[in-house]
Structures are given as C-alpha cells and as structure tokens.
Amino acid sequence: MNILKNIESIRNDFPILSTKVNGNQLVYFDNAATSQTPNCVIDSISDYYKTLNSNIHRGVHKLSQLATEKYENSRKKFKEHLNANCTSEIIFTSGTTHSINLVSNGFIEFLNEGDEIIVSQLEHHSNIVPWQMLCEKTGAVMKVIPMNEQGELKVSEFLKLLNNKTKIVFINHVSNALGTINPIETVIEKSHAIGAAVLIDGAQAAPHFEIDVKKLNVDFYVFSAHKLCGPTGVGILYGKKEWLEKLPPYQGGGEMIDEVSFEKTTYAELPNKFEAGTPNIAGVIASGIGLDYINSIGLKNIKEYEDYLLDYATSKLKEIEGVKVYGESKNKTSVISFNIGEIHPYDIGSLIDNLGIAVRTGQHCAQPIMDYFNIPGTIRISFCFYNTIEEIDFLVKALKKAIKMLS
Amino acid sequence: MNILKNIESIRNDFPILSTKVNGNQLVYFDNAATSQTPNCVIDSISDYYKTLNSNIHRGVHKLSQLATEKYENSRKKFKEHLNANCTSEIIFTSGTTHSINLVSNGFIEFLNEGDEIIVSQLEHHSNIVPWQMLCEKTGAVMKVIPMNEQGELKVSEFLKLLNNKTKIVFINHVSNALGTINPIETVIEKSHAIGAAVLIDGAQAAPHFEIDVKKLNVDFYVFSAHKLCGPTGVGILYGKKEWLEKLPPYQGGGEMIDEVSFEKTTYAELPNKFEAGTPNIAGVIASGIGLDYINSIGLKNIKEYEDYLLDYATSKLKEIEGVKVYGESKNKTSVISFNIGEIHPYDIGSLIDNLGIAVRTGQHCAQPIMDYFNIPGTIRISFCFYNTIEEIDFLVKALKKAIKMLS
Amino acid sequence: MKIKDIQNQIVEEFDIFDSWMDKYEYLIELGKSVPIISPSNKKDDNIIKGCQSKVWLHADSDNGFVKFYADSDAVITKGIISLLIRAFSNQKPKDIIEAKMDFIDKIGLRQHLSPNRANGLNNMIKKIKFYAIAFSKTD
Amino acid sequence: MKIKDIQNQIVEEFDIFDSWMDKYEYLIELGKSVPIISPSNKKDDNIIKGCQSKVWLHADSDNGFVKFYADSDAVITKGIISLLIRAFSNQKPKDIIEAKMDFIDKIGLRQHLSPNRANGLNNMIKKIKFYAIAFSKTD
Ligand SMILES: Cc1ncc(COP(=O)(O)O)c(C=O)c1O
Ligand SMILES: Cc1ncc(COP(=O)(O)O)c(C=O)c1O
C-alpha cells in the first residue's frame, strides 16, 4: 500500500488522531512509548467480550473452544510473521519486560559464578535490570559494549569482550532512546561462534521492519504488542525450541502443568509451560488483529515512509538554531532525540504539549545513554506510519514558539 | 439493588448472554472460570483506545497524564474496596497466578532449608505449583492441611502442622472446585500467633462477597479482574506495606527503578517497585469500571441472590437419580461440583454443551481434590448474579436428556 | 476396503442424521463395538495425552496389516476412537501413513468437539500414525 | 501577609491571563526571582524526587519564621517553586503545617502539569511541610 497516497484513510482508522488539545489537532509523536490503536483492533476486543469471552484451553463448551481457536490462531500469525519453525516457539507474555524476565530468570540455572554476560550501553532499563538481578543471584559478571558519539555500538570492543566465559548476549535491535539500528547479525554470528546465546530486544524494531528469526538465527527475540498497533498487556517471546525446552518454567500455575500432586508435579509441553494462569485472552487475539493491520500496510512500505519522515524531520530540526541531535548513525529508524541549546527538555515538552504535540522528554528508560552524553535527558520524537510531513512542520513552528518563550 | 426484580436489566448489560447455541439461548454456568463482561467495561476499553491511549507515568504530555490519572484512580478504587491502608498496598499484576508467583518468588529470600510452609488440599494449581518451585529452590518443606468428606479443611490438623518453623501459610478463601468457604479468619489468627505470614487466594471469593483486608488482618490477598466482570490480563495483589517493602522486586525493567547504572541500580518505591514495564493500562482502567459495576449492584445483594441460586440448584440436582455432589460444606458459595452415577463428566459436558449450556468438566486445576475423591473429574456449575432459576431448570432438563442418551 | 472408501462410507452414514443429537446417539452406539484393548495392554504407556477422558490405544501387526485395540472411560470418546479404528484397522502401514484424516471434519463432529478433545483427537491420530510407522520398519 | 491571603493574591494575578501561553510566560518570569539556594546547600540531600527536572530546596529558620531557598535546572519548574516559596516563606511553622495547598489547582496550572510533574509538585509540598514540622520542633 502506498502510504503517502492513502494517508487520509489510514489516519481515519485511528480514532484518537482526531483529538483536539487546546484547540489544536493532536500530533502524536510518542510512538516509541506506545503506538495508537486502529478501529479493527478496538473492535476485535469488543467483539471478543460480546461474543466469545471464555476461559481457554480448559473447557468442553463452545465459547471456550472458539476463544481457544482464536487465541491459538493469533499464535500462528506471529509464528508466520516471524518465520519461526513452529507455533511452540511463540510464547505470549504480558510485555517485552515480562519476556526478558522470563528468559533471564531461566538463565539462573545455566550460569555459574564468574560466567560473563554481555549487554550494550544502548539498552532500555528493561534489558538491563533483569540481568543485573540475575548477576546478583548467580555471581555472573556483566560486561558492557560501549558506544561512540554517533550512538553506535563499538563492534570491535564487543569482539574483545567475547570469550569462552560468555554465556549470553542481550542487546536491542533498535535503541528506543536514539533510534540506532544495531548490527545484530554480527552480534549473533560472533556470539554463536563462541557458544553464547543471544537475546534481541526487538521492542523498537518489530513495529518498523520485517523480522525473520530463522534468517537471523537468533535464540530469543522479544517485543510488545502495544507498540505494534495492538493492545496493552501483551508481549511476544520468540525462542528457539531447543532453548525453550531447556529453560525452566518461570511462573507456576494452571495450564503450565501436566500432572500435579503434592509429591511431584510435571510440566506441560511448549508453549503452555510458559503460559501459567489465565492469559490476556482478548489482548492476544487483538494483538493478532493489530499484526494483520500492519501487514496489510506492509512493513516494507512502512519502513520506506518512516525513513522519509525521519530524513525530513532531521533536516528541519537541524535548521533550528541550537538543536543538537543525539544518535546520528546512518543506520537508524523512526526516532529523533535532541536538545536545544541549554534549554531543559522538560521546559520544551511542557510548552509544546499545550500546542497539542505529544513528545517524550527525559531519560527514556535509558539512563546509561544520558550519562554518556552527560545530559539530564532529551526531547524525543518517534514516528509511526500515520504521521505526516505537515505534523513535522507544525512541530518546528511550535518549537520556535517555545524557544522564544523560554529565552 | 434487588437483583431478582432487576434481573432483566442486569442481563441486558451483558451482550454475550443473548448468544444462541444450536437454536438455544446460551446458559453460562462457567463463571468460576471467568465471568462475563458488562457493556460499561467493554466501552471503557474502547474509550481508552479512542481517547487516551498513551504510556503512563513517563510522559509530560496530556494523553499520558490523563491515562496515568485513570490508571491510578483504578488503584484507589481497589484500595477502597478492600479497605487497604494506602494505595501503595495495591499492586496490579497480570492475574492471580502472577500475583502468587510474585510473592512466592520473593519468599526465596526469607526461607532456609528445613523451614516449613503450609498449603491446603483444596488449592488451585496456581496456589500449589509456585510454592513447590519455591521449595525446590530453598529446601523448605511443604505441609498439607487435609480435608474431610464434605470438602472442608480439617482445622485441628492445621493447628498440628503449625510450629515455629512455619514461615508462610497460603490457602484459598473459596475453593474453585468445590465452593467451600475456608475459615481464613482462624487460619490468619493462628498463623500470626506463631509469626507466620498468610497469603489468601481470593480468586473465587472477591466476586461473591465483601473483603476487608484490614479486618482480616491478612498479609497478602490476591485475585483476578476477569472473574470480577473485568477484562482478561489483570490481577490484583494486596500486600501489607511492611511486607511489600521487605519483599524483593520480582521483575526488573522500566518504571520499577529509581536510578540505573551498570554499577548499581536502586529500586523505586511502592507500588512501582512491583510494576515493571508497561502495564495492561486499558485493562487496569477497565477493571476499576468492572468493580464499580459490581458495587453498583452490591456484594451483599449478590451474595444473597447467589445463595438462593445455589440452594435451589443443589436441591434440584439432588432430585436426579445418581447425582453425587462433591463439597457439601454448609459454608459454601456459587459452585456445585457433581457427577452422575458412573457417567464420565466429559460425556455429560459434551452433550449439554450442544444444548447451549456452558459448564466446566474435568479437574478444575485442582487435581489433589480429584485424587482425594478418586474420580477423573466432575461437572462443575458456577453462578454469577446474572444467572436465573429458569436457567437452572433448563439445566436439569438437559441433564435428564443427556443421561437418557448415555444409558 | 481402502481407507478412503471406509471414510467415505462413514461420512455417508452420518449424513443421514441432521441433528447433532442423532449423530451423538449413533456415535455412542458405535463406541460399543470398539475392539477392546486387552487388560495387559491397558497400561499408562498406552494412554493418549490431551484427552479429558482416558483413552488407551494399542496395535499389533498381523501378516503386514495393523490391528488397533482401544478403550476409554467416556463413551463419546469411545465412539470417536471406534470410527478411527474402523478406518485404519486391518490396513497396511504404508496406507495408514499416507491416509488423509479429514473425514472427522466432514462428519460435522469436530465442531462439536472441544479443543481439549480436538487436541486429544490429534493425538489419537498421531499415535495411529506412529504405530504404522513403527510397523512399517519392522515389516 | 497570611498564607491564605498570599495564595488568593496569586490566584487573582493568574486570573488576569486567559491563555495558557500568557500564564506560562508569567510563570517563567516569576521563576527568575526565586531566592536562590546557596551553592553549599545545592547538594543531593536537598533534591526533590519525582521531578523530571532537578529541584533543590533548602530552608532555615529566622526568629521563628521559616525561609525557603531553591533552584531548578528547568525554568517552568523554577516558576512553580517560586509560587510555593512566595506563599510559604517567612511564615511560622504552624501556619505552614496547617495551610491548604489548593491554590495551584485554582491557578489552572495543574491541568497543564504532567503526573510526573504533579508528583514532583506533591513532593515539593511535602518537603515544605517537612521543613516546617522540623522547625516547629526545634523552636
Ligand atoms: C482459586 C483460584 N486460584 C487461582 C486461580 C488462577 O487465576 P488466573 O488464571 O486468573 O491467574 C483461579 C482461577 O482459575 C482460581 O479459581
Ligand atoms: C527497547 C525497549 N525495550 C523494552 C521496552 C519495554 O517494553 P514494555 O514496557 O512493553 O515491557 C521498551 C519500551 O518502552 C523499549 O523501547
């Protein structure tokens, strides 16, 4: 689908985009935090509760059967989208954060004191803190791949960190704070060469381009539905079957067991082993609808259009005096982090918010990056395929107004 | 609100209740698995995505502010409903199962080899398996309170199990398989007397009567929104502040931290410490609306009406030849588990399903209870306040038809 | 008869009934003629997972033909397994392995079968194919 | 002047403006007159948590009256803290402790303040009250 030609009709699919703030049309540039939700996804949630709400997997009755089918059908959609080998490799969680914790918790069993794990300086807190907790529990040591001024990982430093004590490497595919696309192909290949597993945090990648887990040969790939036109409360964990089979269960409860007695409990097969309790059934089904929606537009088209917005916005912002953009890799997507002179990002954010522009200011859950640049935070704008050139022009005007008020 | 007088209008609030199955009106008797969802809850989810979808806590922009306010307002509602001391004592999780795992995982730090924990024979797997995993990790020993033929806990046996090695006792308030209301007041008092903590699994209690955590003086109380007219994917964990402060965080990620560096991370205050990552924002807000709905009917009225259904159904079922009811405590609520002669529950379930009656058959995630009675499972019917006497009469007719076909 | 022909025959038989009740009554009736598994083979190893009711399935080979024996504690399940046995017993391993399995859908019963059951059904079919594969190797 | 009167005065001043832009401009202007915290007191202990921008707040006691000093790296935050200081500085601990705090709402600014900020605002008010409580004990 040609996005530019169809932008009106695409925008009409998202009811929230017609919101007014202080008389201005809402401009939503906080897509890296969460994407907006198209009517088809909203409707699928209503339909679920109006026609088939029921607990899944456990019932002999029809509602339960229909709900189970739809739920499992959503798994199939993600399996196909990611090109996984089988549906057992797709685990539904409550979000990227949950997905990462599921894996990091499982690695307690595989790590000994002195083992090493590797993270990058570009990570979201969700891909740092669970591993710090893991290190505390196991005595493993965390090594950090540093970045350069452009906000790119220093691959040569990464290669130096790798050694036969390295057990797992976890980096994001795209940095949420800077938009850098990391060279995960190299990271995966080199890590595998010394026998380390790799987890890729794809929270900021999955909404913007195609992911082929088979081609990547990645061990774990995680992301959130709410950044992918889906609802809140759903995460996806892709794991290679061999890994998911080795990994101990994370939560105990209904559905994840085979037999329970007080003497001995045996666990269910994949994927149930990792889906204890009643899942977010409506949410998982709606996530599949969100994925369908994105695929109906096409990730190739999305990437192309968003790159166009990114280039345009970057050049327009740089025309404003005092603007400094953080993260200037040639390989980036959909995110611009910047500051203006000595003005605090919070001041800018507050003022342009009153003009109806939703941006994020602060550390973006990536404090190590802010520490690197020695700044309190940035203003971050992040795009989705429903954003427009006109919105960027309006942002530029609003920024100029804010700068005037603040100086 | 007088339910009997308003039953028509109450039923109209639940769109799914007008579903037809094979030409018959759906009769939904699987409420213990999940309750149906009123229009106000469904609408609140749509409204959320249409007017304020945004990531919470982190933004300076208006959508984020509004979403955060509504989210935190939901916390206030549950705080008031449960009569907790402060909103920090209410943690949102993804379900009862998640709530229990959060607590059991935290207890790893408090248990030493040889310490004892006490469970009852009446538990749902979700309140057994996480603690078995805990025992494996810590070397603690699990003791089981046995039950009698009526499906009641033997309190005298419980008192014998309690000793100064006991660290935590976890039982459900109401058994999902039998409907027994357990004497949790006694359990809490006696456990506290020897210094043990108590977790009550209220998944089957919260939908049916009022809970006052202050009066109960309980340490942890957990339940799921989806059984309380709310959406899937939301759980509530009440914890006494002292306990939640002592308990280590469960998941690492965004929002649950104060400061993050690779050297040292400090955790956020309650309740954020336990809510890592983007929560199920729409779900949490809708759960508050579901709670409002229930309170607009009134749990006193609900209890009274459901007791009336329970008594009527029990006596009607017992008139059918061969019916054996499991769980005959005087103190029970909303659930009837039974079998008919030697007929397999699955056969009955399949046949009456074709007549539009949704019941659950099997072990109800409570295998130890089935083992006690030495049966493969039961047929379970469970009520909500929208069920009617006419539905029970239809069930009785359907059962007679099924029995005829099967013999 | 060939597997395919038996399956068509079954589909035709069920076509006569137009209410689910009649279909179930017939299914229950058919369950009564399952070649019952011998007590010594009614062991845990032969239980099929994923069914709410217990299903035991055993097979042996008779002159290059596979013979199936089964039992279940639920009569509807017994009816379903009897259909499978009717279609696949006394057939050659190769034919079983290659057979299509969609006649259950055509009978219009799968829509009345829960996902638990459907899961169990898939596992029954899997087990039947496994037996056939095993015998195809020994023969 | 009494705290209540100062608060009313502030509310009246802001009432003159009817656009958010004018209000913010005035707020930014007011920020410039905050009694600046001395460098030695601009330490981590005096940082108020929960704000996106850094806010330092210090107080001392002068003949039974509490005096506040502050700073922030964001000018809007500085404007807000300047309002608080104007209302609560040079007052007796008891009066501060008992004072109502709703004038910020009345100015119509809270609706323009994010929950982070609102959180920060609550924490600023809390800290002001804590100082007052501390001095009420020593005096
Ligand atoms: C007593 C009891 N505990 C725990 C659970 C688990 O709840 P959930 O599946 O919502 O996590 C249930 C519901 O099935 C239950 O009935
Ligand atoms: C790169 C990255 N990782 C992890 C997360 C956490 O995702 P969630 O909050 O949905 O768990 C985010 C989103 O904020 C992110 O951008």
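Everything numeric here is computed off the predicted structure, so don't read it as measured data. By convention in this document, chain letters (A, B, ...) are assigned in the order of the sequence lines, proteins followed by strands, and residues within each chain are numbered from 1.
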Under a 4.5 Å heavy-atom cutoff, which of A:Pro231, A:Ala366, A:Pro248 has the most pairs with chain B? A:Pro231
Residues in side chain to side chain contact (heavy atoms under 4.5 Å, CB included) contact with B:Lys143, at least two apart in sequence or another chain: B:Glu116, B:Ile118, B:Val141, B:Leu161
Evaluation steps, side-chain contact (heavy atoms from CB on, under 4.5 Å), between A:Met133 and B:Tyr250: CA-CA 9 Å; A:Met133 291 162 67; B:Tyr250 180 43; over 6 Å; no
Hey, does the side chain of A:Thr97 reach the backbone of B:Gly253 with a donor-acceptor pair shorter than 3.5 angstrom? no
Main chain of B:Gly252, side chain of A:Asn101: is a donor-acceptor contact present, judged purely on distance under 3.5 Å? yes
Over all atoms of both residues, closest heavy-atom pair of A:Lys62 and B:Asp353: NZ-OD2, 2.9 Å
Give the intermediate values and the outcome of side-chain contact (heavy atoms from CB on, under 4.5 Å) for residues A:Val260 and B:Gln363. CA-CA 11 Å; A:Val260 173; B:Gln363 306 179 330; over 6 Å; no
Measure the shortest side-chain to side-chain distance between A:Val129 and B:Gln251 over non-hydrogen atoms and say whether it is less than 4.5 angstrom. no
Part of B:Asn53 within contact of chain A (heavy atom distance under 4.5 Å): both
From A:Thr232 OG1 over to B:Ile56 CD1, what is the distance, rounded to the nearest 0.5 angstrom? 9.0 Å
Is it true that a side-chain atom of A:Thr34 and a backbone atom of B:Ser54 form a donor plus acceptor pair closer than 3.5 Å? no
Heavy-atom count around B:Lys70 NZ within 6.0 Å, excluding the residue itself: above 12? no
May I ask you to test the B:Phe262-A:Glu123 pair for a side-chain heavy-atom distance under 4.5 Å? no
Portion of B:Val284 that has a non-hydrogen atom of chain A nearer than 4.5 angstrom: neither
A:Gln36 vs B:Leu63 side-chain heavy atoms within contact, under 4.5 Å: yes
For B:Leu52, is it the side chain, the backbone, both or neither that has a heavy atom under 4.5 Å from a heavy atom of chain A? backbone
For chain A, find which of B:Thr96, B:Thr37, B:Leu26, B:Val21 contributes the most heavy-atom pairs closer than 4.5 angstrom. B:Thr37
In terms of heavy-atom proximity below 4.5 Å to chain B, should A:Val234 be classed as side chain, backbone, both, or neither? neither
Please report the interatomic distance OG(B:Ser64) to CG(A:Asp30), rounded to the nearest 0.5 Å. 7.0 Å
Part of B:Ser224 within contact of chain A (heavy atom distance under 4.5 Å): neither
Using the ring pair (Phe, Tyr, Trp, His ring centres under 6.0 Å) criterion, which residues pair with A:Tyr49? Sequence neighbours excluded. none
Sub-4.5 Å side-chain heavy-atom contact between A:Ile16 and B:Lys50: no
Tell me which of these, A:Met256, A:His364, A:Arg360, has more heavy-atom pairs under 4.5 Å with chain B than the rest. A:Arg360
Go through the atoms of B:Asn127 and report whether side chain, backbone, both or neither lie under 4.5 Å from a heavy atom of chain A. neither
Engaged part of B:Ser46 at the chain A interface, taking heavy atoms whose separation is under 4.5 Å: both
Is there a donor-acceptor pair closer than 3.5 Å between any side-chain N or O of B:Gln132 and the backbone N or O of A:Ser261? yes
Side chain of B:Thr19, backbone of A:Thr51: donor and acceptor closer than 3.5 Å? no
Report which part of B:His98 has an atom under 4.5 Å of a heavy atom belonging to chain A: side chain, backbone, both, or neither. both
Gap between atom CD of B:Gln367 and atom OG1 of A:Thr265 - 0.5 Å precision: 8.0 Å
Between B:Cys365 and A:Gly254, the two heavy atoms sitting closest are SG-CA, 4.1 Å
Taking the side chain as C-beta and beyond, is there a heavy-atom pair between B:Thr361 and A:His61 under 4.5 Å? no
Could you tell me which of A:Glu259, A:His124, A:Glu255, A:Gln121 has the largest number of non-hydrogen atom pairs under 4.5 Å with chain B? A:Glu259
Can you tell me how far OH of A:Tyr48 sits from CD1 of B:Ile42, rounded to the nearest 0.5 angstrom? 11.0 Å
Between B:Ile108, B:Leu134, B:Thr278, B:Asn105, who has the most heavy-atom pairs with chain A when the cutoff is under 4.5 Å? B:Thr278
4.5 Å side-chain heavy-atom contact, A:His226 and B:Ile281: no
